[in-house]
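Everything below concerns the one structure shown next.
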2 protein chains.
Amino acid sequence: MLGNGATSVGVHPIRENTSFVLAKVCKAHRAYVGGLLAGHGLHVGQEMVLVELWQDDGLRGGELAARLRVEPPTVTKMLRRLEGCGLVERRQVPTDARSFRVHLTEKGRALEEQVVRCWAQTEETALAGLSAGERQTFRELLIRVRSNLDPEFEAE
Amino acid sequence: MLGNGATSVGVHPIRENTSFVLAKVCKAHRAYVGGLLAGHGLHVGQEMVLVELWQDDGLRGGELAARLRVEPPTVTKMLRRLEGCGLVERRQVPTDARSFRVHLTEKGRALEEQVVRCWAQTEETALAGLSAGERQTFRELLIRVRSNLDPEFEAE
DNA sequence: CGATATTAATTAGCCGGCTAATTAATATTA
DNA sequence: TAATATTAATTAGCCGGCTAATTAATATCG
């Protein structure tokens, strides 16, 4: 039973989809990153909030949801936990009582180097054995796939 | 501020990691697949159970957990829901009362074509605009990345 | 054969992420 | 100015996925 990329006899043809392989990579990647972040008291996804704030402190809840491509309740819950951990704090928007801005605490800022190292380590592990050219190609293909799957997202 | 792949001024350097881009692709991919599967009454992850059973009906709980690279409680909960939906059924292993095998129902088998189409559609959307050569390269790189992140997993 | 160790799966509760509904505040319209 | 529409965020509860503890059954050892 051969398709693009021969598969073993008895293997379900759905595995011939490259996006199926991508899903498996995603699972492995998330578990890997999660393990590293756990060492710093963070859960997968939470570091994405911090990255946005390290870049632009003082974002509003809805802005975070939009940047992270998640639904507002997801941000609500993550912020509650991050606030509970002392990494961020909310400040009411004076001109709009419905709204607030999220600011990093000292503790939140202090995590930046460690999280950056987590991702650098993930980079090295995930891309081990890939040449500079292959890494470049992989990145470009990922960006195109991302754009295909989420056209609304502003390309990096 | 330039690194490998120039980034916009003001963008956090963590985004220069290709694995960071991969994480974003994963998020978009999961949301895309999830939307399609929802149309067939399935949640992301559940179809992975069905794929294993379409390929090898009658797997035990622990075998499913191993193949899916998830923890046993994850399989326990998913099977409870899939059983509740009437897609699978458990049968006690006669020789080991601790253990059971999971079998597809007629309803479970009937979903195969639809799920295969979901993944084919994901494939076409995700890889749109990629040449055959690029698709091949992407797949090969994904397999290598997968192996790097999860060396224990048996390569497809 | 009984005690102990190991195994297979479950339970409890955490997390991110979602949908649907709700609440409170602001903007718009008549 | 009051009524209505819209917005910003929250709440409730679902899902997959995890860790830690527990339960029940089997295998091993003395």
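Below, each value reflects all heavy atoms present in this structure, side chains not excepted, and no hydrogens, waters or symmetry copies. To find a chain, count down the sequence lines: A is the first, B the second, and so on, and within it residues start at 1.
Across the protein-nucleic acid pair, L59(B) atom CG and dA9(C) atom C1' stand 16 Å apart, rounded to whole Å. Rounded to whole Å, the distance from CE on M48(B) to P on dC15(D) is 19 Å. Atom CZ of R60(B) is separated from atom C1' of dA8(C) by 8 Å (rounded to the nearest Å). Rounded to an integer number of Å, the gap from CD of E71(B) to C1' of dT11(C) is 15 Å. Here the P atom of nucleotide dA8(C) and the CD atom of E63(B) are 10 Å apart, to the nearest Å.
Using a cutoff of 4.0 Å between basic side-chain nitrogens and carboxylate oxygens, R109(B) and D57(B) are scored as salt-bridged.
Mapped onto DNA chain D by nearest heavy atom, R101(A) and P72(B) fall at different nucleotides, with R101(A) at the one closer to the 5' end. For the pair A31(A) and S99(A), nearest-nucleotide mapping onto DNA chain D gives the more 5' position to S99(A).
The base of dG17(D) is paired with the side chain of K77(B) by a donor and an acceptor separated by under 3.5 Å.
Look at R30(B) and you won't find any side-chain N or O under 4.0 angstrom from OP1 or OP2 of dG17(C). Between dT10(C) and R90(B), a contact under 4.0 Å exists linking OP1 or OP2 to a side-chain N or O. Dashed line: the shortest gap from a side-chain N or O of R80(B) to OP1 or OP2 of dC15(D) is not under 4.0 Å. Between T76(A) and the phosphate of dA9(D), there is no side-chain N or O to OP1/OP2 separation shorter than 4.0 Å.
Comparing dG17(D), dG17(C), dA9(D) by their nearest atom to the side chain of M78(A) picks out dG17(C). Taking every side-chain heavy atom of Q46(A) into account, dC15(C) is the closest of dC18(D), dG17(C), dC15(C).
Counting heavy atoms from C-beta on, the side chains of V70(B) and M48(B) never come closer than 4.5 Å. Considering only heavy atoms from C-beta on, E123(B) stays 4.5 Å or farther from E16(A) through its side chain.
Counting non-hydrogen atoms under 4.0 angstrom, T74(B) reaches a base of the nucleic acid.
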Criterion salt bridge (charged side-chain N to carboxylate O under 4.0 Å, His left out) on R60(B) and D96(B), from CA distance to verdict: CA-CA 11 Å; R60(B) 282 168 41 219; D96(B) 189 341; 5.6 Å; no
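Under the rule for a ring-ring contact (aromatic ring centres under 6.0 Å, His included), the partners of W119(B) that lie at least two apart in sequence or sit in another chain are F20(A), H29(B).
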Protein within reach of the bases, or only the backbone? For nucleotides 21-29 of chain C, mark each nucleotide 5' to 3' as B, S or -, using heavy atoms under 4.0 Å. ----BS---
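Using a distance-only test at 3.5 Å, with no hydrogens or angles considered, no donor-acceptor pair links the side chain of S19(B) to the main chain of L22(B).
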